[in-house]
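Following: one structure in structure tokens, then a few remarks.
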Amino acid sequence: MAEPALRRPLPDQPVPRHHRRDDRGVGRAVPRLPQQAGVAVSNEKDRVMKAITPKGTDYSQWYLDVVLKADLADYGPVKGCMVIKPYGYAIWENMQADMDRRIKETGHVNAYFPLLIPRSFLEKEKAHVEGFSPECAWVTIGGGEELPEPLAIRPTSEAMICSMYAKWVNSWRDLPVLINQWANVLRWEKVTRPFLRTTEFLWQEGHTLHETEAEAEEETLKMLGVYKSFSEEMLAMPVLHGRKTDSEKFAGALRTYSIEALMGDGKALQAGTSHNLGQHFATAYGIEFLGRNQEREKPWSTSWGTSTRMIGGLIMTHGDDSGLILPPKVAPYQVVIVPIPPRKGDVNEAVLPKCREVMAALRGAGIRVHLDDRDQQMPGFKYADWEMRGVPLRLELGPKDLEKDQCVLVRRDSREKAFVPLAGLAQKVGELLATIQSGLLENARKFVADNTTRVSSYDEFKQAMAEKRGFIVAGWNGDPAIEAQIKAETRATIRVIPMEERPAACIVTGKPGREVYFAQAY
RNA sequence: CGGGGCGUAGCGCAGCCUGGUAGCGCACCUGCCUUGGGCGCAGGUGGUCGCGAGUUCAAAUCUCGCCGCCCCGACCA
């Protein structure tokens, strides 16, 4: 069988894939195939129809192709509002289940707060309302009548939740309040991209109250740590973590921390944020409690969130020119079984029953398995199809394998192929999945390391930004004006200030400062 | 919000310049055949050409207006 073909990415012609009814590739720097009326390139027409734009040709087109071709999402009728399709939603459910477990293990409970927020509520915290007003959507009519007060569709829930907390908290004994909610939020975005920045998105938002500033800070950092380990352990997506500069801080926060991942095109993606809100919201929303010393006090609050944006990060961290590559821990199907039907007249009709048997055995071992028993598709089609969807392991089982009591396992990440005895298969599969999971993280870490540049002059900085982007470690003196200047001149912004302080001279001014991580942001 | 591109079948496109009532590939349906890397053959289904005006005997095609979508940039999660 065509062993060499196994190692070759399928779309071996740079063919821009388009979607919907637009972008003919005109005006874009991408090659087009010569196109006669109706005659797609003859011997490769299928390949042409199904291909994904190679990353190197057009990274953002590659991303959109993968989202659509892997069947993760589709565009809805309203700009920026996507449908998360079952396959994409299954990934989210896997992420959600694990994140939920981590949130609960750190002592939080779930609740649900209303979607609609009265304008007067939102307006109580000045910086907050200013930060969100440009992207807020308002409901002004209800039941056919104009409302006495417009209602905001939540862009985030601090206003609603803090208002409720004001009712609920009376004593230091009521603290801490540790509540999380899973919800949708809406932010009116000018530029949208599936998963990365959508008008409506799904997330979890934790909102907590604490007796002291130290406790609030501890909570803020604890959740940042939860996000970091989730990202690395589940998504195999390595992240930097650290504090945001004032210009990147959440509207109304005292301090914002974030985790930042590096995408395949050298841009950074903020994948989760955690805020120490100080007493700003307690003050604005009138949350007070009677303290241990019998005096009225204001609690310290935090909030932290991760969203469906992480799915975008997942795609761009691992995907290749054949499509998605999913870490086993979040893959809806960890193994897909492709049966190779017996030839006509072949007495061996045991292939499908055997596949079902194998599926049952793997499921019994807790492995998520799908049997692709569609009889109208060729095996080769199925290989390409599931590769596009990123299934970590493909299991082929045909008449020849039955004779030898074996099957064929092919890894999505390395395309390595192995003949494996059916006896003890579940254990072998489990091991392979674990290997793939850790291998993906390792590769991603290597990518980050290879694309992190430490510079000591602004010239080096500019050169690094022009040549490879990625993370750039450089000295900064803490001046927002310098930060703005660097952004204007290079597009790089400070992604995080690392937790550990390392002194370094500012690359622009030469003044004493500290090392920070720069990158162009998504 | 600025720049660019594009709206014709589910998807990708041709037709438009030079008006005459819509075509190709894939997908889909039926049958046969095939199945270890995107099978093959034959026959089918499917479109008020983004919307609205105008010009004309006649508009996918020409004119004007509107709407939408994608990409790049600015801005913001």
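Numbered from 1 within each chain, the chains take letters A, B, ... in sequence-line order.
Between A:Trp62 and A:Tyr59, the two ring planes are tilted [angle within 30° to 60°]. By the 30° and 60° cut-offs, the orientation of the rings of A:Tyr333 relative to A:His370 is parallel.
Under the Watson-Crick or G-U wobble criterion, with both distances below 3.5 Å, B:A77 is left unpaired in every strand shown. Across all strands shown, B:U63 forms a Watson-Crick or G-U wobble pair with B:A53, both key distances being under 3.5 Å. Under the Watson-Crick or G-U wobble criterion, with both distances below 3.5 Å, B:G25 is paired with B:C11.
A side-chain N or O of A:Tyr383 and one of A:Glu396 form a donor-acceptor pair less than 3.5 Å apart. A:Thr306 and A:Gln204 share a donor-acceptor pair across their side chains, judged by distance under 3.5 Å alone. Judged purely by distance below 3.5 Å, without hydrogens or angles, the side chains of A:Thr208 and A:Thr302 pair a donor atom with an acceptor atom.
Residue A:Lys79 places its side chain closer to B:C69 than to any other of B:C71, B:C69, B:G38. The listed nucleotides are B:G38, B:G36, B:C70; the one nearest the side chain of A:Val408 is B:G36.
Counting to the nearest Å, the P atom of B:C69 and the CZ atom of A:Arg193 are 16 Å from each other.
Atom P of B:G23 sits at a distance of 12 Å from the matching atom of B:U45, rounded to the whole Å. Using C1' as the reference atom, B:G46 and B:A22 are 14 Å apart when rounded to the nearest Å. Nucleotides B:U56 and B:G19 are separated by 9 Å at their C1' atoms, to the nearest Å. Only the C1' atoms considered, B:U8 is 14 Å distant from B:C51, to the nearest whole Å. Comparing the same atom, P, in B:G52 and in B:U61 gives a spacing of 12 Å after rounding to whole Å.
Across all strands, A:Glu248 comes closer than 4.0 Å to no nucleic acid atom at all (heavy-atom distances).
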Please enumerate all protein N or O atoms sitting under 3.5 Å from an N or O of nucleotides 41-45 of chain B, with distances to 0.1 Å.
none

Taking only N/O atoms, report every protein-nucleotides 1-3 of chain B pair under 3.5 Å with atom names and distance.
none

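Of the charged side-chain nitrogens involved, none lies within less than 4.0 Å of a carboxylate oxygen, so that A:Lys85 and A:Asp74 do not count as a salt-bridged pair.
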Name the atoms and distances for all side-chain donor-acceptor pairs under 3.5 Å in residues 352-359 of chain A, with sequence neighbours left out.
from     : atom 1 : to       : atom 2 : distance (Å)
A:Lys354 : NZ     : A:Glu357 : OE2    : 3.1

Using distance only, find each side-chain donor-acceptor pair of residues 249-263 of chain A under 3.5 Å and give its atom names and separation, not counting sequence neighbours.
from     : atom 1 : to       : atom 2 : distance (Å)
A:Lys249 : NZ     : A:Ala253 : O      : 3.2
A:Arg255 : NE     : A:Glu217 : OE1    : 3.3
A:Arg255 : NE     : A:Tyr257 : OH     : 3.4
A:Arg255 : NH2    : A:Glu217 : OE1    : 3.0
A:Thr256 : OG1    : A:Phe250 : N      : 3.0
A:Thr256 : OG1    : A:His275 : ND1    : 2.8
A:Tyr257 : OH     : A:Glu217 : OE2    : 2.2
A:Ser258 : OG     : A:Glu260 : OE2    : 2.8
A:Glu260 : OE1    : A:Arg495 : NE     : 3.1
A:Glu260 : OE2    : A:Lys244 : NZ     : 2.6

Do any side-chain atoms of residues 484-492 of chain A form donor-acceptor pairs under 3.5 angstrom with protein atoms, and if so which ones, sequence neighbours left out?
from     : atom 1 : to       : atom 2 : distance (Å)
A:Gln485 : NE2    : A:Glu489 : OE2    : 3.4
A:Glu489 : OE1    : A:Tyr458 : OH     : 2.6
A:Thr490 : OG1    : A:Ile486 : O      : 2.7
A:Thr490 : OG1    : A:Ala492 : N      : 3.1

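One donor-acceptor pair, N or O on each side, does fall under 3.5 Å between the base of B:G37 and the side chain of A:Arg394. A donor-acceptor contact under 3.5 Å is not formed by the side chain of A:Glu387 with the base of B:G38. Counting atom types as modelled, A:Arg197 pairs a side-chain N or O with a base atom of B:C76 as donor and acceptor under 3.5 Å.
Checking the phosphate oxygens (OP1, OP2) of B:G36, no side-chain nitrogen or oxygen of A:Lys417 falls inside 4.0 Å. Dashed line: the shortest gap from a side-chain N or O of A:Lys487 to OP1 or OP2 of B:C76 is under 4.0 Å.
For A:Glu205, there are no salt bridge (Lys or Arg N to Asp or Glu O under 4.0 Å) partners at least two apart in sequence or on another chain.
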